[in-house]
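What follows is a single structure, written as structure tokens, with notes after it.
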Amino acid sequence: DALKQLLDSPLMDPNLEHRSYEAEGMQYRIYATYYFILRDFESCYTYITKLVQHFESRPELIRLDPFNYVNSINNLLNMTSVLAKEDENKKYLGKLQEMVQDNGLRKSKSLELKLFEVYYYHQMNSCIRNYEYGQGINLLTAVEDGLASLDDKVDKMGKIMLCFNAFHISFGAKKFGQAEKWLDKVLDNPDRNVREDVYCFARIILLIVLYEAGDEARLRKEMKITYGYLYKRTKAYHFETMVMGYIRAIAVTQAEPQFYSLLCNIREEVKALKENPSERRIFAYFDFMLWLDSKISELGQALKSDNSIRA
């Protein structure tokens with residue numbers, strides 16, 4: 001293909017003498033892109049690291065072209081996240097934080113916007129991966145303020161992912177009212193074709209959030225809306241059909257012991273999806289197993305207490 005032909009060009013020889021600073025940077029960028037397309041993340045990481053180090057070898061030029069430096073750090077953070085290189089991830093998050101706090105860089109609105117999207121997306125991701133929900137909660141005011149002031153300029157996909165990450169942090173911190181608010185922001189997006197996968201799972205996860213928040217009136221309403229949405233949708237996962245069945249079953253479940261048994265059955269069915277390569281991606285949107293285990297344990301203890309009191 002065209003990219004492979006470009007890589008075979010003599011100009012892409014890494015041992016080529018007398019390369020300009022710009023040509024060397026472009027070479028690293030092309031190799032990183034090539035390996036990313038191949039899903040060879042280790043090789044992609046190698047070349048994106050070379051590119052970032054290339055920028056940092058000339059710090060005076062970073063001040064002249066900070067936008068491309070931030071783009072490169074963004075790509076490096078993506079790779080360190082995928083490859084679980086946490087120390088390096090935190091190191092470059094620190095560099096981004098310094099840039100966010102540099103008032104001199106705010107003179108460029110496009111750079112301010114890029115820094116906002118990249119820094120808060122990756123910082124929240126880091127908190128979610130490491131279960132640092134308390135630290136993550138401290139970021140949400142800045143995220144909300146940034147979205148309010150930059151809303152019409154923030155990329156649609158970027159806004160959806162910032163809101164979805166903010167939901168995860170709120171849910172992890174057991175602040176279910178906040179979690180509901182952030183999911184509503186995801187669902188308020190008028191263009192469902194932008195990350196329709198996230199929209200779909202936000203609809204499903206909202207039911208869990210409303211259950212946790214104890215908002216039974218809205219839960220009943222959203223169960224009908226979610227069922228109708230999934231019924232009409234061209235489904236990407238069998239899990240979506242399973243959820244429709246769960247909604248029907250929950251709608252006629254009355255007593256807590258019945259609900260407990262239903263959750264146990266759901267857990268076994270969802271657990272089986274982890275072994276299915278075409279279904280396991282659903283756990284990237286939400287840890288359904290972790291939540292089911294937590295609820296089953298909680299309800300099981302409550303039922304035992306009730307039985308012991310009655311005895």
Side-chain angles (χ1 to χ4, degrees), residues 124 128 131 133-134 136-137 140 160 163-189 197-233 235 237-274 279 281-307:
M124 285 193 289
I128 293 164
Y131 305 101
Y133 300 118
I137 285 291
L140 299 191
I160 288 170
C163 292
F164 200 53
N165 275 358
F167 148 72
H168 274 289
I169 284 171
S170 301
F171 190 90
K174 300 190 183 303
K175 295 185 179 293
F176 302 119
Q178 282 193 45
E180 180 181 348
K181 177 188 75 175
W182 286 107
L183 271 189
D184 282 341
K185 288 179 184 290
V186 173
L187 295 171
D188 282 344
N189 173 39
D197 58 327
V198 174
Y199 180 91
C200 173
F201 278 89
R203 284 239 62 94
I204 294 168
I205 296 164
L206 179 62
L207 304 182
I208 293 173
V209 174
L210 293 172
Y211 169 78
E212 290 284 17
D215 190 345
E216 188 172 341
R218 188 181 175 195
L219 176 58
R220 292 289 171 183
K221 175 185 169 186
E222 294 294 342
M223 282 169 64
K224 293 176 183 177
I225 293 172
T226 300
Y227 187 92
Y229 167 75
L230 292 173
Y231 181 79
K232 294 174 184 175
R233 169 178 155 81
K235 296 166 189 59
Y237 302 97
H238 175 61
F239 175 70
E240 297 168 52
T241 302
M242 291 165 60
V243 169
M244 292 172 64
Y246 301 151
I247 292 173
R248 289 196 300 270
I250 290 168
V252 297
T253 300
Q254 301 295 327
E256 273 208 342
Q258 201 179 353
F259 183 59
Y260 173 79
S261 296
L262 177 60
L263 283 185
C264 290
N265 291 336
I266 290 173
R267 183 194 181 281
E268 291 309 304
E269 291 178 1
V270 172
K271 181 182 178 183
L273 297 181
K274 281 203 164 189
E279 293 286 324
R281 174 141 180 82
I282 68 166
F283 299 101
Y285 300 96
F286 185 77
D287 195 336
F288 294 100
M289 284 299 300
L290 184 65
W291 182 78
L292 285 164
D293 285 342
S294 165
K295 284 300 106 182
I296 288 168
S297 174
E298 185 182 307
L299 284 172
Q301 289 299 322
L303 289 171
K304 281 181 183 176
S305 285
D306 280 355
N307 289 336

To the nearest 0.5 Å, what is the distance between NE2 on H168 and CD1 on I205?
5.5 Å
For the pair S170 (side chain) and A166 (backbone), establish whether a donor and an acceptor sit closer than 3.5 Å, ignoring hydrogens and angles.
yes
Are more than 12 heavy atoms, taken from residues, nucleotides or ligands other than E216, located less than 6.0 Å from that residue's CD atom?
no
Please work out which of the three classes, parallel, tilted or perpendicular, describes the rings of F288 and F283, given edges at 30° and 60°.
perpendicular
Please name all residues satisfying side-chain hydrogen bond (donor to acceptor under 3.5 Å, both in side chains) with K295, sequence neighbours left out, ordered by chain then number.
E212, E298
Test of understanding: with salt bridge (charged side-chain N to carboxylate O under 4.0 Å, His left out), list the residues that count as partners of D287, not counting sequence neighbours.
none
Quick check for you: to the nearest 0.5 Å, what is the distance between L140 atom CG and C163 atom SG?
10.5 Å
Separation between CG (L183) and CG (D188), nearest 0.5 Å, reads 10.5 Å
By side-chain hydrogen bond (donor to acceptor under 3.5 Å, both in side chains) - contacts of R220 (at least two apart):
none
Any salt bridge (Lys or Arg N to Asp or Glu O under 4.0 Å) involving residues 175-185? Give me the pairs, sequence neighbours left out, ordered by first then second residue.
E144-K181, E180-R218, D184-R218
Tell me the closest heavy-atom pair linking L263 and I296, and the distance in Å.
O-CD1, 3.6 Å
Please give me the minimum heavy-atom distance between C200 and L230, naming the atom from each residue.
SG-CD2, 4.0 Å
Mind listing the closest non-hydrogen atom pair of M223 and I247 along with its distance?
CE-O, 3.7 Å
Just to verify, what does Y285 make a side-chain hydrogen bond (donor to acceptor under 3.5 Å, both in side chains) with, not counting sequence neighbours?
D197
With a sphere of 6.0 Å drawn around NZ of K235, does it hold more than 12 non-hydrogen atoms of other residues, nucleotides or ligands?
yes
Does any non-hydrogen side-chain atom of L299 lie less than 4.5 Å from one of F259?
yes
Walk me through it: do K174 and F176 pass the test side-chain contact (heavy atoms from CB on, under 4.5 Å)?
CA-CA 6 Å; K174 300 190 183 303; F176 302 119; 4.0 Å; yes
Heavy atoms only: give me the nearest I250-L262 pair and the separation to one decimal.
CG1-CD2, 3.5 Å
Heavy-atom distance under 4.5 Å between the side chains of L187 and L206, does that happen here?
yes
CD1 of I208 to CG of L292, rounded to nearest 0.5 Å, is 7.0 Å
Which distance, rounded to the nearest 0.5 Å, do you find between the CD1 of I128 and the CD1 of I169?
4.5 Å
Trace of the side-chain contact (heavy atoms from CB on, under 4.5 Å) decision for R203 with I225
CA-CA 9 Å; R203 284 239 62 94; I225 293 172; 3.5 Å; yes
Partner of F286 under ring-ring contact (aromatic ring centres under 6.0 Å, His included), picked from F239, W291, F171, F164, is F171
What pairs of residues pass the side-chain hydrogen bond (donor to acceptor under 3.5 Å, both in side chains) test when at least one of them lies in residues 239-248, not counting sequence neighbours?
Y227-R248, R233-E240, Y246-E269
side-chain contact (heavy atoms from CB on, under 4.5 Å) between Y199 and N189, intermediate numbers included:
CA-CA 9 Å; Y199 180 91; N189 173 39; 5.7 Å; no
